[in-house]
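Structure first, commentary second.
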Amino acid sequence: MTVTTLDRPVADTAALATPMAGAAPAVAVLIPCYNEEAAIGAVVRDFRAALPDAIVYVYDNNSSDRTVEAARAAGAVVRHEPLQGKGNVMRRMFSDIEADVYVLVDGDDTYHAASAPLLVKRLWEDQLDMVNGARVTDIVAAYRPGHRFGNLLLTGMVANIFGSRIQDMLSGYRVFSRRFVKSFPALSSGFETETELTVHALELRMPIAEIKTPYKDRPPGSHSKLNTIRDGVRILKTILILVKEERPMPFFFAIFAALAVAAVILAWPVLATYVQTGLVPRFPTALLSTGLMLLGFLSLTCGLILDTVTLGRREAKRMRYLSIPAPGNHPPLAGGRP
C-alpha cells in the first residue's frame, strides 16, 4: 500500500516509546561526520538512548579535530571514508552496512533523536521504504531564511517534475528500508545526495511518508559546512541532470521548442521578403534559421530515443528493488513457507 506524504504532529515521549508489534528489526544508525567534535558525542548518546538495540555507526570524512575520539567515547562504531563529500560517505555506508532499517542523521546535533523510534515504527509497521523527518522549528539561527527559501524553491521544482510527496526534500533525517538502501545508486558526491534520495523514491513510486520532527540550532563550537549559494547551485545542477536522465522527453522537447521558436522568429522576415520580392537578401539569417530548426529536430530525436532507454533503466531498477524483501512483518505464504 502506497502511503502519501503525511503531516503529523510530533508525538510525545510515551508514544515514541511504544514497542513495535512482532519481531523487532535490526536497526543501524548512520551518521556521516566531518569536524563535529562539539556535537557528535551528544548525537551518539541520544540515538543510543532512543534506539538501545541499534548499532550507531559514525563515518568520519577526513576530520581534522577530535571527532573520531568523541564518537568512540560515546559508544559509536567509527569507520572512515577518505573521499570528501557527504554523497561519497553515503555510498560507502550503504555499501558496507547490513541491516533491516537504516536511520540516517547528520552529526551536528540539530535533529530530534527521540523521534527515531516513531519513524522506525512507522516504516516497519506500514511496510514503507522511506520516512522523511520534516524539520519544524521557530529558531531563526537553526533554519536560516536563505536555507528555508532555497529548500522551498528546490523542493517545489522536484515536486513539479517528479511528484509532490515530500515537503522537506533537503532534510538530513530519514529512515530507510533495506530494499531502498540496496537499490539506491548513490551517484552524487556532496550535499546534493538528499535530492538524489528523494528522486529515487519518487521515480520508483515507493511507499513513503513524512513526519514532522523538531529541529534546533547547533551547539556552541559547531559550525555548518553548508554554503547556501555554492551548494544550492550544485543541488540545482543535480535536479537538471536528473530531469535529463529520468525525464528525457520533456527535457529535450523544451530544447526543441526553444530552438524552433528562435528559428521561426529569424525566418519570418526572410520569408516575408521572399514572398514580396522573390529574393533572399538575408542569406546568412536564412542559413542560421535552417540550422536552428535542424538542431531542434535533432534534439527531439534524442529525446525520443533516450525516453526508450530511460524506460529500460527504470524497469531494471524496479526489478532490482523488487528482488529485496519488503520491510515489516509478513504473513506466511501459501503452503506454510515463511
Which atom names give the shortest non-hydrogen contact between [X] and [Y], and what distance separates them?
{"X": "Ser171", "Y": "Glu194", "result": "O-CG, 3.5 Å"}
{"X": "Leu292", "Y": "Ala263", "result": "CB-CB, 3.9 Å"}
{"X": "Pro32", "Y": "Leu30", "result": "CD-O, 3.7 Å"}
{"X": "Val58", "Y": "Ala76", "result": "CG2-CB, 3.6 Å"}
{"X": "Leu202", "Y": "Gly163", "result": "CD1-O, 3.6 Å"}
{"X": "Pro207", "Y": "Arg179", "result": "CG-NH2, 4.3 Å"}

Next item on the list: Take His200 and Glu246 through the side-chain contact (heavy atoms from CB on, under 4.5 Å) test and state the conclusion after the steps.
Entry: CA-CA 10 Å; His200 180 63; Glu246 304 296 341; over 6 Å; no
Note to self: If you count every heavy atom of other residues, nucleotides or ligands that lies below 6.0 Å from Arg79 atom CZ, does the total exceed 12?
What the structure shows: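 Correct, the count exceeds 12.
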Item checked: side-chain contact (heavy atoms from CB on, under 4.5 Å) between Asp46 and Asp109, intermediate numbers included -> CA-CA 9 Å; Asp46 289 348; Asp109 196 23; 4.0 Å; yes
Are [X] and [Y] grouped together when hydrophobic residues (ILVMFWY) are joined by side-chain heavy atoms under 4.5 angstrom apart?
{"X": "Ile161", "Y": "Ile208", "value": "yes"}
{"X": "Val77", "Y": "Tyr102", "value": "yes"}
{"X": "Val199", "Y": "Ile241", "value": "no"}
{"X": "Ile235", "Y": "Met157", "value": "yes"}
{"X": "Ile255", "Y": "Val309", "value": "no"}

Checklist line | Test applied, side chain to side chain donor-acceptor pair (under 3.5 Å); reference residue, Asp168; option that passes from Arg174, Lys212, Arg135 | finding: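 The passing option is Arg135.
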Please tell me if the side chains of [X] and [Y] come closer than 4.5 Å, counting only heavy atoms from C-beta onward.
{"X": "Phe253", "Y": "Leu300", "result": "yes"}
{"X": "Val243", "Y": "Phe162", "result": "yes"}
{"X": "Met93", "Y": "Tyr57", "result": "no"}
{"X": "Trp124", "Y": "Asp100", "result": "yes"}
{"X": "Asn132", "Y": "Leu197", "result": "no"}
{"X": "Tyr34", "Y": "Val89", "result": "no"}
{"X": "Lys86", "Y": "Asp106", "result": "yes"}
{"X": "Pro327", "Y": "Leu123", "result": "yes"}

Item checked: Glu203 and Arg247: CA distance, side-chain angles, deciding distance, salt bridge (charged side-chain N to carboxylate O under 4.0 Å, His left out) verdict -> CA-CA 10 Å; Glu203 269 298 276; Arg247 296 286 192 275; 2.4 Å; yes
Item checked: Candidate pair Asp129 and Tyr321, rule side chain to side chain donor-acceptor pair (under 3.5 Å), full reasoning -> CA-CA 10 Å; Asp129 287 307; Tyr321 164 79; 2.3 Å; yes
Interatomic spacing from [atom1] in [X] to [atom2] in [Y] - rounded to 0.5 Å:
{"X": "Glu315", "Y": "Thr310", "atom1": "CD", "atom2": "OG1", "answer": "11.0 Å"}
{"X": "Thr155", "Y": "Asn160", "atom1": "OG1", "atom2": "CG", "answer": "11.0 Å"}
{"X": "Leu259", "Y": "Phe252", "atom1": "CG", "atom2": "CZ", "answer": "11.5 Å"}
{"X": "Leu236", "Y": "Glu192", "atom1": "CG", "atom2": "CD", "answer": "11.5 Å"}
{"X": "Leu118", "Y": "Ile211", "atom1": "CG", "atom2": "CD1", "answer": "4.5 Å"}
{"X": "Leu240", "Y": "Phe251", "atom1": "CG", "atom2": "CZ", "answer": "7.0 Å"}

Checklist line | Under-4.0 Å salt bridge between Glu196 and Arg91 | finding: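 The answer is no: the pair does not qualify as a salt bridge.
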Next item on the list: Give the intermediate values and the outcome of side chain to side chain donor-acceptor pair (under 3.5 Å) for residues Asn62 and Gln84.
Entry: CA-CA 7 Å; Asn62 303 315; Gln84 196 68 38; 2.8 Å; yes
Next item on the list: State whether a side-chain donor-acceptor pair under 3.5 Å links Arg234 with Ser189.
Entry: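 Indeed, the side chains of Arg234 and Ser189 share at least one donor-acceptor pair under 3.5 Å.
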I'd like to know if the side chain of [X] reaches the main chain of [Y], judged simply by a donor and an acceptor atom lying under 3.5 Å from each other, with no hydrogens or angles considered.
{"X": "Glu81", "Y": "Arg92", "answer": "no"}
{"X": "Ser183", "Y": "Arg320", "answer": "no"}
{"X": "Arg218", "Y": "Thr110", "answer": "no"}
{"X": "Tyr111", "Y": "Gly172", "answer": "yes"}
{"X": "Thr301", "Y": "Phe297", "answer": "yes"}
{"X": "Asn61", "Y": "Gly85", "answer": "yes"}
{"X": "Asp65", "Y": "Glu37", "answer": "yes"}

Next item on the list: Go through Thr273 and Leu279 one step at a time and tell me if the side-chain contact (heavy atoms from CB on, under 4.5 Å) criterion holds.
Entry: CA-CA 7 Å; Thr273 302; Leu279 300 175; 5.6 Å; no
Margin query: Does Leu204 form a side-chain contact (heavy atoms from CB on, under 4.5 Å) with Phe180? I'd like the steps, not just the answer.
Written below: CA-CA 10 Å; Leu204 292 187; Phe180 182 106; over 6 Å; no
Checklist line | Test log, rule ring pair (Phe, Tyr, Trp, His ring centres under 6.0 Å), inputs His112 and Tyr173 | finding: CA-CA 9 Å; His112 190 237; Tyr173 193 14; 8.3 Å; no
